Structure formats: structure tokens, C-alpha cells
Amino acid sequence: MNDVNSFPQALTIAGTDSGGGAGIMADMKTMQECGVFSTAVVVAVTAQNTIGVQNFQAISPKLISEQFASLNDDFKIKACKTGMLADAEHVEVVYDNLKKYDFGPFVLDPVMIAKGGSQLLSDEGIDAIKNKLIKLATLVTPNMPEAERLIGSKIESQSGMLVAAKKIQDLGAKNVLIKGGHGDSEMVRDVVLLENGESFKMSSKRVHTIRTHGTGDTISSAIVSRLALGDDMKSAILYGKDFVEAAIKNTIQVGHGHGPLNHWAYNAEGAFDEI
Ligand SMILES: Nc1ncnc2c1ncn2[C@@H]1O[C@H](COP(=O)(O)OP(=O)(O)OP(=O)(O)O)[C@@H](O)[C@H]1O
Ligand SMILES: Cc1ncc(CO)c(N)n1
């Protein structure tokens with residue numbers, strides 16, 4: 001008999017972006033391009049575009065748990081990630097559900113503030129991630145301000161990024177990727193610390209563009225996709241970096257502000273040169 005769940009399936013647990021460039025929308029577009037079937041637990045709905053977040057509302061914890069149960073009843077999720085979680089109550093309900101079900105390796109993207117400056121997670125929510133949810137994480141992927149918030153101090157240098165990664169690992173995450181997209185240095189540097197103690201950096205030339213909406217969602221979703229396909233953590237992270245780099249470099253002209261990435265680009269590099 002055919003196994004109804006033989007096709008690789010991944011899950012994003014996050015907020016929607018009506019503008020299509022970040023959150024669940026960026027996650028599902030990325031997973032689609034990476035060749036996995038994507039599913040979603042909606043934690044919050046934002047009214048958002050490339051200019052900013054105009055409003056958001058979190059979904060009731062009951063309905064969030066019902067979404068988890070629906071997925072568990074019918075799918076075989078091979079890897080999952082979280083994005084925008086809104087507040088402490090919602091971090092807690094996600095924690096409870098991730099403890100309850102086996103959805104494979106868990107990538108925690110500790111989304112705190114959108115590119116336009118809006119706060120997408122309350123201070124209590126940040127504490128709940130730091131004290132609880134992070135302990136379930138196979139990989140955590142903070143950007144620089146998020147990493148600083150998690151460790152409670154400034155990161156001043158590249159060696160400081162590795163020290164910070166170690167402190168974040170000590171909070172309970174198995175593997176740590178600190179993303180270096182923020183700032184204006186000519187080179188963008190991400191730092192990785194793996195479960196076995198191996199560390200490495202991923203460097204690329206900064207693309208001078210304001211069209212960087214959803215970079216973090218995109219790299220974490222590409223990593224989750226590769227984990228769902230069976231990659232080891234290091235290969236999945238290296239793939240994620242290549243995927244997001246192509247998506248940033250091959251700009252598409254959409255929206256008036258922090259425009260979305262080109263999620264087709266990795267699979268079609270060169271095809272967008274004339275657009
Ligand atoms: N301008 C850029 N040029 C090249 N690479 C970039 C640029 N901005 C971000 N990146 C890369 O994109 C990935 C995501 O990094 P970033 O620090 O932007 O995450 P983020 O702040 O979580 O994103 P967001 O909150 O918008 O989703 C990293 O691999 C980073 O190196
Ligand atoms: C819903 C949502 N999730 C994440 C981000 C961060 O990219 C955003 N701007 N909006």
C-alpha cells in the first residue's frame with residue numbers, strides 16, 4: 001500500500017503578513033521552492049505591507065492548539081519552525097504543543113521586531129522564549145539585536161558573536177546561528193555554533209538594497225526544508241545561506257518600502273536579469 005505521507009512535509013508556526021514578504025507567507029514560498037510541502041499554524045494575523053506593520057491580532061490559544069491537533073491527525077511533519085509569536089501566552093501554548101507532538105527538528109526564529117520597527121513579541125514573550133521555548137530548539141536563529149536581547153549584553157565584535165552563540169547555547173538550544181544582516185559593513189557575516197562544538201562563519205558581500213523584508217524568515221524556512229529532506233544541520237544551514245543570498249541579490253520591484261525577496265531566484269538564477 002502507498003504511504004500517504006511519504007512526501008516531505010514541513011510546518012511553520014508564525015504570523016501572517018498581508019504584504020506577502022515575511023512571516024508565514026515568506027515561509028511557505030520558501031518551503032515550496034525548496035521542494036517540501038508546507039503547512040502552517042497561524043499564531044497572529046498582521047495588517048502589514050512593505051512600509052510597516054499597521055496592526056496585528058493574536059489568535060486564541062484554543063484555536064492555535066486546534067491547528068496543531070489538525071496537523072497531527074493527518075500529516076507527517078518532518079521539521080518545523082516558529083516565527084512571530086506575539087506574547088507570552090502564545091509562546092506557552094506553542095511550547096505545550098511542541099512538547100505534545102513529534103514534528104521533527106525545531107528551528108526557533110526568535111522574531112522580536114519587524115524591519116520597520118514594530119514590536120512583534122512582547123517583553124514577557126521574549127522572557128518566555130528565553131526561559132522555556134529555547135530549550136526545545138534544535139536550532140535558534142537570532143539576528144544581532146535578538147541575540148543581544150537573549151544574552152542581555154551588547155555584541156561588539158566577531159569574536160563577540162561566537163561568545164554570544166555559546167551563551168545562547170547555554171540557554172538550551174542545541175545549535176545556534178547568529179545572523180549578521182543588520183548594520184552597514186561591506187561584508188555580511190553570520191556565525192554558527194553547532195551542537196558538537198564546531199563553529200564557522202558564513203560571509204557574503206552586502207547587497208545594497210532596502211528590499212530585505214523577510215530575510216530571517218526565508219533563511220530559517222530554507223533550513224527547515226532541508227532538515228525535512230534529511231540534511232544534517234551544517235548542510236542545511238549552508239544551503240539556507242545560499243538560498244537567502246540569491247533571494248536578496250535578484251531584487252524584484254514590489255512595494256514602496258522594505259520590499260520582499262525573490263523566492264524564485266535560487267532555482268532560477270539569471271532568469272531575473274532583465275526584470
Ligand atoms: N543586505 C544584505 N546583503 C546580503 N545578505 C544579507 C543582507 N541582509 C541580510 N542578509 C542575510 O540574510 C540573512 C538574514 O539576516 P538578517 O540579519 O537580515 O535577519 P533578520 O533581521 O532576522 O531578518 P527579518 O527580521 O527581516 O526577517 C542572513 O544570512 C544575512 O547574512
Ligand atoms: C508576521 C511577520 N513575521 C515576521 C516578520 C519579520 O520578518 C514580519 N515582519 N512579520
Side-chain angles (χ1 to χ4, degrees), residues 12-30 40-59 81-86 90 107-121 125 140-150 155 158 161 177-192 201-223 237-251 255 257-263 265-266:
T12 171
I13 304 151
T16 65
D17 169 9
S18 48
I24 285 176
M25 283 65 174
D27 295 340
M28 295 185 88
K29 289 174 188 183
T30 302
V41 166
V42 181
V43 172
V45 175
T46 72
Q48 183 173 181
N49 53 29
T50 66
I51 300 163
V53 179
Q54 288 77 44
N55 196 6
F56 76 78
Q57 190 173 326
I59 302 293
K81 64 155 281 189
T82 52
M84 174 188 181
L85 296 179
H90 293 80
V107 178
L108 165 56
D109 183 7
V111 171
M112 296 179 192
I113 294 176
K115 282 260 151 63
S118 300
Q119 191 155 354
L120 300 178
L121 179 64
V140 63
T141 63
N143 62 25
M144 287 286 263
E146 289 160 355
E148 289 174 344
R149 183 65 171 78
L150 287 173
I155 302 170
Q158 210 152 107
M161 282 174 86
L177 159 60
I178 301 185
K179 300 168 295 189
H182 291 237
D184 53 12
S185 56
E186 266 312 298
M187 295 301 287
V188 178
R189 290 195 180 83
D190 299 352
V191 165
V192 178
K201 60 176 189 277
M202 302 187 292
S203 303
S204 58
K205 263 181 90 85
R206 179 174 298 282
V207 181
H208 292 285
T209 174
I210 61 158
R211 298 184 179 279
T212 55
H213 188 51
T215 48
D217 314 78
T218 300
I219 191 171
S220 57
S221 293
I223 294 169
I237 291 172
L238 291 170
Y239 180 98
K241 177 68 184 173
D242 287 347
F243 187 97
V244 77
E245 203 182 337
I248 297 169
K249 265 201 294 212
N250 294 278
T251 317
H258 290 286
L261 306 187
N262 180 343
H263 291 103
Y266 182 81

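Both ligands and their constituent atoms are indexed starting at 1 by order of listing. Here the structure is a predicted model, which means the values were calculated and not measured.
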task: Compute the shortest N/O to N/O distance between T215 and ligand 1 and return yes if it is under 3.5 Å, no if not.
output: yes
N or O contact, H182 vs ligand 1, cut-off under 3.5 Å: yes
query: Sub-3.5 Å donor-acceptor pair from the side chain of H258 to the main-chain atoms of I210, do we have one?
result: yes
message: Out of K205, M202, M112, K115, who is nearest to atom 24 (P) of ligand 1 when you count heavy atoms only?
response: K115
message: For the residue pair T12 / K81, report whether a side-chain donor-acceptor contact shorter than 3.5 Å exists.
response: no
- request: Enumerate the atoms of ligand 1 whose separation from the nearest heavy atom of G214 is less than 4.0 angstrom.
  value: 26 (O), 27 (O)
task: Could you grab the distance from atom CD of Q158 to atom CD1 of I178, nearest 0.5 Å is fine?
output: 10.5 Å
- request: Using a strict cut-off of less than 4.0 Å between a Lys/Arg side-chain nitrogen and an Asp/Glu carboxylate oxygen, indicate whether D190 and K201 qualify as a salt bridge.
  value: no
message: If the contact criterion is a heavy-atom separation under 4.0 Å, does A22 count as touching ligand 1?
response: no
task: State the atoms of ligand 2, each with its element, that fall below the 4.0 Å cut-off from a heavy-atom position in M84.
output: 1 (C), 3 (N)
field: Contact (N/O only, under 3.5 Å) between I113 and ligand 1
entry: no
query: Closest non-hydrogen protein atom to atom 3 (N) of ligand 1, residue and atom name please, with distance?
result: V207 N, 2.9 Å
query: Hey, is ligand 1 close enough to K241 that some N/O pair sits below 3.5 Å?
result: yes
statement: heavy-atom search around atom 13 (C) of ligand 1 in the protein gives V244 CG1, 4.0 Å
- prompt: At what distance, to the nearest 0.5 angstrom, does OG of S204 lie from CD of E245?
  reply: 4.0 Å
field: Distance, nearest 0.5 Å, that separates CD1 of I13 from NE2 of H90
entry: 13.5 Å
task: Report yes if some N/O of T16 lies less than 3.5 Å from some N/O of ligand 2; otherwise report no.
output: no
message: Test your reading of the model: is there a side-chain donor-acceptor pair from E148 to the backbone of I155, 3.5 Å cut-off?
response: yes
field: Closest approach of any protein heavy atom to atom 22 (O) of ligand 1, naming residue and atom
entry: K179 NZ, 2.7 Å
field: Numbered atoms of ligand 1 (with element) below 4.0 Å of D190, judged on heavy atoms
entry: 28 (C), 29 (O), 30 (C), 31 (O)
query: For ligand 1, which atoms have a heavy atom of I219 less than 4.0 angstrom away?
result: 29 (O)
Worked verdict on T215 versus K179 for side chain to side chain donor-acceptor pair (under 3.5 Å): CA-CA 10 Å; T215 48; K179 300 168 295 189; over 6 Å; no
field: Polar side chain donor-acceptor pair, Q48 to N55, under 3.5 angstrom
entry: no
field: Numbering as shown, the atoms of ligand 2 that approach G23 to under 4.0 Å (heavy-atom distance)
entry: 1 (C), 2 (C), 3 (N), 4 (C)
field: Protein contact to atom 9 (N) of ligand 2 [nearest heavy atom, distance to 0.1 Å]
entry: Q48 OE1, 2.8 Å
- prompt: For ligand 1, is E245 a contact, meaning one of its heavy atoms is under 4.0 Å away?
  reply: no
query: Which pair of non-hydrogen atoms, one from V107 and one from S220, has the smallest distance, and what is that distance?
result: CG1-CB, 4.1 Å
message: Quick check against the 3.5 Å criterion: does R206 have a side-chain atom that pairs as donor or acceptor with the backbone of S185?
response: yes
task: Could you pull out the closest heavy-atom pair between M112 and E146, with the gap in Å?
output: N-OE2, 3.3 Å
query: Taking atom NE2 of H263 and atom NZ of K29, what is their separation to the nearest 0.5 Å?
result: 7.0 Å
query: Please state which protein non-hydrogen atom is closest to atom 9 (C) of ligand 1 and give its distance, to 0.1 Å?
result: G181 CA, 3.5 Å
- request: Please report which non-hydrogen protein atom sits nearest to atom 4 (C) of ligand 2, along with the residue it belongs to and the distance in Å to one decimal place.
  value: D217 OD2, 3.3 Å
T50 side-chain N/O to G257 backbone N/O, donor-acceptor pair under 3.5 Å: yes
query: By number and element, which atoms of ligand 2 are closer than 4.0 Å to a non-hydrogen atom of H213?
result: 9 (N)
message: Within ligand 1, which atoms have a heavy atom of N143 less than 4.0 Å away?
response: 17 (O), 20 (P), 21 (O), 22 (O)
- request: Classify the contact between L120 and ligand 2 as side chain, backbone, both or neither, using a heavy-atom distance cut-off of under 4.0 Å.
  value: side chain
- line: For A114, the ligand 2 atoms with a heavy-atom partner under 4.0 Å come out as 9 (N)
statement: One should read off an interatomic distance between Q57 CD and T16 OG1, to the nearest 0.5 angstrom, of 11.0 Å
task: Any atoms of ligand 1 less than 4.0 Å from a non-hydrogen atom of V188? List them with their elements.
output: 3 (N), 4 (C), 5 (N), 30 (C), 31 (O)
- prompt: Which atoms of ligand 1 are found less than 4.0 Å from any heavy atom of T212?
  reply: 26 (O)
- request: Give, for atom CD1 of I219 and atom CD1 of I237, the distance between the pair rounded to the nearest 0.5 Å.
  value: 8.0 Å
Modelled atom types, side-chain donor and acceptor of H208 and E186, under 3.5 Å: yes
task: Of the side chain and backbone of I248, name the one, both, or neither that has a heavy atom under 4.0 Å from an atom of ligand 1.
output: side chain
task: Could you tell me whether E146 and ligand 1 have an N or O pair separated by under 3.5 Å?
output: no
- request: Find all atoms of ligand 1 within a distance of less than 4.0 Å from any non-hydrogen atom belonging to R206, and give their numbers and elements.
  value: 1 (N), 3 (N)
- request: Output yes when the distance from some N or O of ligand 1 to some N or O of G216 is under 3.5 Å, and no in every other case.
  value: yes
